[in-house]
Amino acid sequence: MRGERLFFAKTDTVGISRLAKDAKAAGNKNIWHSDHSFMANPSLGAVLRAVEVPASGGDTMWADMAAAYDNLPDDLKERIENLTAVHDWEASWGALMNDEQKAAFRKSWPQVEHPVVVRHPRSGRKTLYVNEPFTRYIKGLSDVESRELLDILVLQARIPEFQIRFHWEPDSIAIWDNIAVQHYAVNDYFPQRRVMERIAITGVPLS
């Protein structure tokens, strides 16, 4: 995807991004998120391969956001059923840019809206679709009400009962559904080296 050129070094193979972390570039993906939810057609999924792994640490975790939705109280499910949230990249990815880069990026990637609860395009299962770095606010609510509700919803990814944890070995490959889950790269291996290669799967509209 075009936006990744600002953040991930490309390999010689088109479409593969390399994510290399070491003593000079610490990992910074240790926040629960869905890739590219700030895009109108967010990434449908991803393929990640371990090229070089640290002696210890560096696991990746995934949280099942359909299970997170299923376990919400019924009154909260009713409250969020028809709500829409605004997603944006600036508060997270924008921290790596200067003003000129932000202005250029904004032309290609304006703020977008997605339902707070989406139906998975294949399974039809209801899935909670808000995340900490990219979901800015919920439309139609006051700033205080939006923030309070988002604080409840985004924290659902942190509940251990909805999670799995994967330990990488050289040439391990993980494939995940970016709509069904959120993920978290555990940053517990600094200053060791960790090198991954990733392919993003083209997305679809969620509304």
Side-chain angles (χ1 to χ4, degrees), residues 1 4 29-50 59-89 91-93 111-141 145-168 172-187 196 198-207:
M1 296 183 178
E4 292 186 346
K29 303 299 179 186
N30 53 333
I31 185 170
W32 286 104
H33 66 287
S34 300
D35 286 335
H36 308 130
S37 74
F38 61 84
M39 295 180 175
N41 297 340
S43 171
L44 185 61
V47 181
L48 190 64
R49 181 177 78 92
D59 295 351
T60 298
M61 301 173 68
W62 285 269
D64 182 342
M65 300 312 295
Y69 172 82
D70 289 344
N71 283 277
L72 292 175
D74 288 342
D75 60 341
L76 184 52
K77 289 180 182 177
E78 292 178 6
R79 183 182 177 192
I80 65 177
E81 180 65 24
N82 296 307
L83 294 180
T84 299
V86 173
H87 294 243
D88 189 40
W89 50 268
S92 52
W93 284 16
Q111 290 185 338
V112 299
E113 299 176 4
H114 300 301
V116 171
V117 180
V118 305
R119 283 195 177 272
H120 193 279
R122 287 182 177 263
S123 70
R125 191 175 178 187
K126 289 185 177 181
T127 299
L128 189 60
Y129 197 74
V130 292
N131 65 86
E132 291 187 63
F134 299 134
T135 308
R136 307 319 311 150
Y137 62 90
I138 297 175
K139 292 184 63 178
L141 304 183
E145 189 178 11
S146 172
R147 186 68 266 159
E148 289 178 346
L149 183 54
L150 278 178
D151 284 346
I152 294 171
L153 298 178
V154 300
L155 290 178
Q156 299 306 306
R158 299 188 186 184
I159 297 176
E161 285 81 356
F162 307 148
Q163 300 170 359
I164 63 167
R165 183 168 182 144
F166 183 68
H167 179 67
W168 295 95
S172 293
I173 294 177
I175 303 172
W176 69 90
D177 183 323
N178 196 54
I179 300 172
V181 303
Q182 292 187 32
H183 59 284
Y184 181 107
V186 182
N187 183 24
M196 315 293 284
R198 192 189 73 169
I199 296 174
I201 301 170
T202 301
V204 296
L206 300 182
S207 58

*Determine, stepwise, if the pair Glu161 / Asn71 fulfils side chain to side chain contact (heavy atoms under 4.5 Å, CB included).*
CA-CA 10 Å; Glu161 285 81 356; Asn71 283 277; over 6 Å; no
*asked:* Atom CZ of residue position Arg147 - does it have more than 12 heavy atoms of other residues, nucleotides or ligands inside 6.0 Å?
replied: yes
*asked:* Under the criterion side chain to side chain contact (heavy atoms under 4.5 Å, CB included), I'd like the reasoning laid out for Ile179 against Met65: C-alpha separation, chi angles, the key distance, then a yes or no.
replied: CA-CA 8 Å; Ile179 300 172; Met65 300 312 295; over 6 Å; no
*Do you know which two heavy atoms are closest between Asp64 and Ala66, and how far apart they sit?*
OD1-N, 3.0 Å
*Rounded to the nearest 0.5 Å, how far does CG of Leu44 lie from CG of Leu206?*
9.0 Å
*Is the shortest heavy-atom distance from the side chain of Arg136 to the side chain of Leu150 under 4.5 Å?*
no
*I would like to know whether Asp177 and His120 meet side chain to side chain contact (heavy atoms under 4.5 Å, CB included); could you show each step before the answer?*
CA-CA 10 Å; Asp177 183 323; His120 193 279; 2.5 Å; yes
*Grab the two heavy atoms, one from His114 and one from Ser37, that are nearest each other, plus how far apart they are.*
NE2-O, 2.9 Å
*What's the spacing between Ile199 CD1 and Ser43 OG if we round to 0.5 Å?*
11.0 Å
*Quick one: closest heavy-atom pair of Trp168 and Thr60, and the distance?*
NE1-OG1, 2.9 Å
_Atom pair OH/OG1 of Tyr137 and Thr84 - distance to nearest 0.5 Å_ = 11.0 Å
*asked:* Using side chain to side chain contact (heavy atoms under 4.5 Å, CB included), reason through Gln156 and Tyr69 one step at a time and then give a plain yes or no.
replied: CA-CA 8 Å; Gln156 299 306 306; Tyr69 172 82; over 6 Å; no
*Under 3.5 Å: donor-acceptor pair, side chain of Lys77, backbone of Asp70*: yes
*About how many Å separate CG of Asp59 and CD1 of Ile164, when rounded to the nearest 0.5 Å?*
11.0 Å
*Val116 side chain reached by Leu149 side chain, heavy atoms, under 4.5 Å*: no
_Between His33 and Phe38, is the ring centroid distance below 6.0 Å?_
no
*How long is the span from the CE atom in Met196 to the CD1 atom in Ile173, to the nearest 0.5 Å?*
10.0 Å
*Do side-chain atoms of Gln182 reach the backbone of Val130 as a donor and acceptor pair under 3.5 angstrom?*
yes
*Please tell me if the side chains of Val112 and Met39 come closer than 4.5 Å, counting only heavy atoms from C-beta onward.*
no
*What distance separates Phe134 CZ from Tyr129 OH, expressed to the nearest 0.5 Å?*
9.5 Å
*Taking all heavy atoms of Lys126 and all of Val117, pick out the closest pair and write down the distance.*
CB-CG1, 3.9 Å
*Identify the heavy atoms of Pro121 and Val204 that sit nearest to each other, and give their distance.*
CG-CG2, 4.1 Å
*Do you know the tightest heavy-atom contact between His87 and Ala85?*
CD2-O, 3.5 Å
*Taking atom types as modelled and ignoring hydrogens, do the side chains of His36 and Asn178 form a donor-acceptor contact shorter than 3.5 angstrom?*
no
*Mind checking whether Leu153 and Leu76 have side chains closer than 4.5 Å, heavy atoms only?*
yes
*Between Ser146 (side chain) and Ile138 (backbone), is there a donor-acceptor pair under 3.5 Å?*
yes
